[in-house]
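To start, the structure itself, in structure tokens.
Numbering of ligands and ligand atoms starts at 1, following listing order. All values derive from a computational prediction rather than experimental measurement. Numbers here are sequence positions counted from 1.
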Amino acid sequence: MSNGEQREQWSGRLGLILAAAGSAVGLGNIWRFSYITGEMGGAAFLLVYLIVIFVIGVSVMVAEFSIGRAAQRNAVGSFKVLKGGAWPIVGWMGVIAGFMILSFYGVIGGWTTPYIFKSFGSMMQQMSGAEIKAAGDMAGELFGGFVSNSVQVIAYQAAFMLVTILVIAKGVAGGIERCCKWLMPGLFVILIVLIIRAVTLEGSGAGLAFYLQPDFSKLNASVFFAALGQAFFTLSLGMGCMITYGSYIGKNEKLPVSAAQVAVLDTSVAFLAGLAIFPIVFAFGIPPSSGPGLTFISLPACFSHMPGGSFWSGLFFLLLFMAGLTSAISLLEVVVAYFRDELGWSRPKATWILGTVIFLIGIPSALSLGGNFPTIMGLSFLDLMDKTTANFLLPLGGLFISLFVGWVWLDGARKEVTNHGKIEFALLGAWVWVCRVIAPVAIAFIFYNKVVGF
Ligand code: TRP
């Protein structure tokens, strides 16, 4: 984009909130949140996760918004404009993380598609006729069968990526905003319906206890590490996504307010999803540590045992697909914005080429749950991509972004968050100290403990 050209902007307040929320709320809130919470033992993890979100997460989001809006550039260009030196490397790391995350995100996004159709097929009928535990087993077998069918998994991944590419190729504001308006209300309604059914299942109490009664003896370095990674992943932080989106924010928006709203919305969706999933998991006898399949096993099982199950299930997976899509869009946008701004590629060219490359990088992830695929350090390739990006690259990016705002570009940051003194930001002092000291030290400490703890 040439410098004289007016940068695309969100159409007003709602536009930004919807777009940033659309990025944040995605598969991470339901699919990733529930399986990580299950693996990490439930309530104690949830508590750490909430603290990380509201102390570190919101602060880093404000930092990213400010950087992007001040610089009016993509993740890499923003650091070039504001400071230069080695700082653009932080943006570079982000672009690479974007490639890696979207590669496996496209696979999971793909998984949602057949579940939309399966909701109306024989899957539901068979499970609904079965005893509750048998239905849980059937749902597990069904998922296992699906992910080992490589051709299908790759075809759905391709379809998901194709839709993402088409939306991005059409441009930022228009394409994205239209998708989000009815998505969030829809998700809330359906999650509440699910929760009502879930907590009235026999045996669901154990699930509620698992999710809500913290057992502090379960706290260890891995729990903190996983909570940090999940917080960054779910809020789309640490890779310049919110820098890129920040560059489209109008100069009169209040960045801290927007960041807080996005975090509350995002956390609510994840919390409600857990409130539905864990009672179901325990009632149906599904192990909470089932891994990435947890959502895809537990929810269909429950839908099959409720009135109007096919309808609710179909609608749920459709909304999950849409939520995943708006997040995938934000991931591709980071990469595309970089190639447009810095290398001068046109939007369609950047979108098609990069989208295709990311699809190809995702193929090993698509194949990796299919049984015969080799594991690496005990992890499937998909898990490995997921965990290296979420647990290492994103918090590391967040660490540098905090340091940048807290120490290197502090005056500029102060001006940007207060709209050049035009608005009050009551927590300005606290925010600055989180960026300067609390966030970097906490992230470094959590990394240190995890690594030395080996
Ligand atoms: N936050 C999204 C989710 O929860 C995923 C996502 C979109 C993301 N953009 C990101 C994760 C940028 C990390 C960085 O599904």
Taking [X] for its side chain and [Y] for its backbone only, find out whether a donor-acceptor pair lies under 3.5 Å.
X	Y	result
Thr375	Ser380	no
Trp31	Pro292	yes
Trp111	Val153	no
Glu64	Gly238	yes

Which protein residues have a heavy atom under 4.0 Å from ligand 1?
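For ligand 1, the contacting residues are Ser23, Ala24, Gly26, Leu27, Gly28, Asn29, Ile101, Tyr105, Phe233, Thr234, Ser236, Met239, Cys241, Ser327, Ser330, Leu331, Leu394.
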Tell me every residue that passes side-chain hydrogen bond (donor to acceptor under 3.5 Å, both in side chains) with Asn391, counting only those two or more places apart in sequence or in another chain.
none
Between Glu342 and Lys80, is the closest basic N to carboxylate O distance under 4.0 Å?
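A salt bridge links Lys80 with Glu342.
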